[in-house]
Amino acid sequence: MTRIVLLGGGAGGSMVSNQLARQLKPEILHGDVEITVINESDQHVYQPYFLYMAFDQAVPADAHRPERSVLNRQVKLIVGHAERIDRSANKVLMGDGQEVPYDYLVIATGSVPDPDSIPGLSEGGQTFYTEAGALKLRDALRDFQGGRIVVTVGVPHKCPVAPLEFTLMVHDWLKAHDLGDKSEVVYTYPIGRLHSLEPVAEWANQVFPQRGIQSQTFFNVETVDPHQKTLTSLEGETLAYDLLVAIPPHKGQDLIGRSELGDAGNWVPTDRHTLQMQGADNIYVLGDATNLPISKAGSTAHFEADVVAANISNRVHGGNGSLRYDGKVFCFIETGNDQATYIKFDYQHPPQPQAPSELIHLYKLAFNKMYWLSAAGIL
Ligand SMILES: Cc1cc2nc3c(=O)[nH]c(=O)nc-3n(C[C@H](O)[C@H](O)[C@H](O)COP(=O)(O)OP(=O)(O)OC[C@H]3O[C@@H](n4cnc5c(N)ncnc54)[C@H](O)[C@@H]3O)c2cc1C
């Protein structure tokens with residue numbers, strides 16, 4: 001019996017398990033292969049909806065489905081918190097004492113915002129990067145009477161384009177609520193341009209001034225003073241705000257640190273082509289959990305899932321699992337409330353943002369609804 005364990009049942013873990021269930025169906029039915037997903041919640045959460053929740057354009061129910069309903073019937077589901085991966089024994093140790101042995105392990109535990117790494121940020125700032133945060137921000141926007149909105153970005157973080165989307169959407173939102181004349185939007189970014197991807201930074205560099213959005217680069221937030229309503233950067237600048245919207249720096253899951261598998265940020269060292277954990281033949285890593293310097297996005301997890309599933313099923317069939325990930329990523333970018341653009345790129349080809357259109361915006365909304373087919377491994 002070959003035991004394949006997917007640690008994390010979010011975007012990446014669900015896609016890999018569902019693809020494997022189809023590719024290895026005869027072996028599963030014969031009892032030769034077992035596929036198990038471990039997820040700490042019984043809910044599958046589609047995080048891109050958080051952006052829309054902040055603007056009252058989506059509700060939590062849009063983003064939730066029972067994890068069981070997302071998984072192929074042949075896939076076993078364990079709902080519980082994994083405490084540690086014991087590599088030497090090829091086991092996942094669960095918080096309740098259960099041990100889950102594996103022959104192949106896929107780490108798809110995602111990433112989490114770490115607002116506590118910046119003093120004052122949790123008290124003084126809002127974020128749409130968690131569901132609770134998005135709902136709180138929605139309420140803060142409902143109460144907003146005008147003033148300065150600062151959108152501050154820390155790195156690394158998942159969905160690298162979402163801060164740009166929020167900035168452009170909030171600009172439109174202010175105008176639609178007759179607050180445009182009484183408000184200003186300021187965007188800060190930690191390096192010397194507006195985005196880590198150079199062509200996207202150049203694009204934003206044109207779009208922001210056209211909309212009257214101010215920006216400040218080389219701004220690494222060091223502290224937030226929730227009483228004075230100011231944020232101060234490592235570089236020594238201080239900005240006042242009326243509403244602070246933060247994209248906090250992210251880290252990998254603590255489980256990775258406890259298992260001594262990751263670097264200081266709990267990112268797992270991963271081969272950029274095979275997606276195997278470095279030095280571990282039977283462990284694959286995908287999605288946000290990797291240390292790869294590429295976009296931490298659901299689409300990244302999607303394209304990586306094709307490679308991980310194909311290689312594991314090929315190896316179960318006696319092959320050597322030689323498919324390679326080429327770094328492919330595709331991201332829609334909302335450029336306001338009714339237009340969007342998109343970027344696609346890989347290790348060889350940089351992104352080139354397209355002219356925004358309403359049609360692309362409608363595609364993005366349609367994709368959000370079709371995500372569940374993608375998680376099911378069908379799309
Ligand atoms: C506001 C926002 C907007 C976004 N917009 C987009 C977008 O438009 N396009 C896009 O491509 N991406 C977008 N993303 C990013 C996308 O959601 C993530 O990159 C994607 O979900 C990563 O998939 P993953 O499988 O690596 O991790 P996740 O989907 O986060 O799944 C990780 C899973 O692991 C589980 N887990 C973690 N630790 C443990 C443990 N110890 N024990 C058991 N289970 C555990 C978690 O509960 C979770 O279910 C957005 C994200 C946010 C926050």
Side-chain angles (χ1 to χ4, degrees), residues 5-17 36-55 58 63-65 67 70 77-85 92-96 98 100 106-113 127-131 133-134 137 156-166 169 245 247-248 250-259 266-268 270 275 285-290 292 294-305 308 328-334 340 342-344 363-365 367-368 371 374-375:
V5 172
L6 293 296
L7 185 43
S14 298
M15 288 173 195
V16 173
S17 65
T36 305
V37 167
I38 299 173
N39 198 49
E40 60 190 356
S41 161
D42 65 357
Q43 293 292 303
H44 188 108
V45 183
Y46 179 56
Q47 301 167 37
Y49 269 128
F50 300 167
L51 174 67
Y52 301 90
M53 280 181 208
F55 293 105
H64 284 245
R65 293 253 171 116
E67 179 67 15
V70 173
L77 172 64
I78 297 176
V79 176
H81 180 76
E83 197 58 29
R84 202 163 66 81
I85 298 163
V92 177
L93 309 177
M94 302 295 295
D96 62 4
Q98 195 185 161
V100 187
V106 179
I107 300 177
T109 43
S111 62
V112 280
T127 187
F128 59 96
Y129 262 63
T130 61
E131 185 172 308
L137 176 53
H157 65 85
K158 58 186 146 190
C159 196
V161 297
L164 295 174
E165 293 184 289
F166 181 86
M169 286 171 79
V245 180
I247 292 80
H250 283 42
K251 59 179 185 174
Q253 299 285 356
D254 291 343
L255 149 96
I256 303 299
R258 282 196 298 274
S259 310
N266 293 339
W267 309 114
V268 186
T270 306
L275 301 176
V285 196
L286 82 162
D288 294 357
T290 75
L292 297 175
I294 55 173
S295 297
K296 294 189 184 299
S299 89
T300 310
H302 185 147
F303 294 120
E304 291 173 335
V308 171
K328 190 166 171 194
V329 180
F330 179 100
C331 292
F332 285 112
I333 309 175
E334 296 284 17
Y342 68 88
I343 47 172
K344 57 179 181 177
Y363 275 140
K364 176 157 186 176
L365 297 187
F367 180 81
N368 287 340
Y371 165 75
S374 169

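As the structure lists them, so they are numbered: ligands from 1, and atoms in each ligand from 1. Sequence positions, counted from 1, serve as the residue numbers for this chain.
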| field | Value rounded to 0.5 Å, distance of OG1 in Thr109 from CG in Leu286 | value |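 Reported value, rounded in 0.5 Å steps: 9.5 Å.
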| message | Less than 4.0 angstrom from a charged side-chain N to a carboxylate O is my criterion; do Arg258 and Glu83 meet it? | response |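 Counted as a salt bridge, because a side-chain N and a carboxylate O are separated by less than 4.0 Å.
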| query | Given side chains that start at C-beta, do those of Val5 and Ile78 come closer than 4.5 Å, heavy atoms only? | reply |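 Counting from C-beta outward, Val5 and Ile78 never come under 4.5 Å.
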Any idea which protein heavy atom is nearest [atom], and the distance to it?
| atom | answer |
| --- | --- |
| atom 27 (O) of ligand 1 | Gly110 CA, 3.3 Å |
| atom 48 (C) of ligand 1 | Asn39 OD1, 3.5 Å |
| atom 10 (C) of ligand 1 | Gly298 N, 3.3 Å |
| atom 25 (O) of ligand 1 | Gly12 N, 2.8 Å |
| atom 6 (C) of ligand 1 | Cys159 SG, 3.2 Å |
| atom 31 (O) of ligand 1 | Gly10 CA, 3.2 Å |
| atom 19 (O) of ligand 1 | Asp288 OD1, 2.8 Å |
| atom 29 (O) of ligand 1 | Ala11 N, 3.1 Å |

| field | Under 4.0 Å to a heavy atom of Gly287 - the qualifying atoms of ligand 1, by number | value |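 Counting atoms of ligand 1 from 1, those under 4.0 Å from Gly287 are 26 (O).
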Which segment of [X] sits under 4.0 Å of ligand 1 when only heavy atoms are counted:
| X | value |
| --- | --- |
| Gln253 | side chain |
| Lys364 | side chain |
| Tyr46 | neither |

| field | Min N/O separation Ala82 to ligand 1 under 3.5 Å | value | yes
| For the student: nearest non-hydrogen atoms of Asp288 and Ser111, plus distance | OD2-OG, 3.0 Å
| In this structure, are over 12 heavy atoms from other groups packed under 6.0 Å from Lys328 atom NZ? | no
| Winner among Glu83, Glu40, Gln47 once heavy atoms are compared against atom 36 (N) of ligand 1 | Glu40
| query | Looking only at side chains, do Asn368 and Tyr46 share a donor and an acceptor under 3.5 Å apart? | reply | yes
| task | Please confirm whether Tyr371 and His44 have ring centers closer than 6.0 angstrom. | result |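 So the answer is yes for these two rings.
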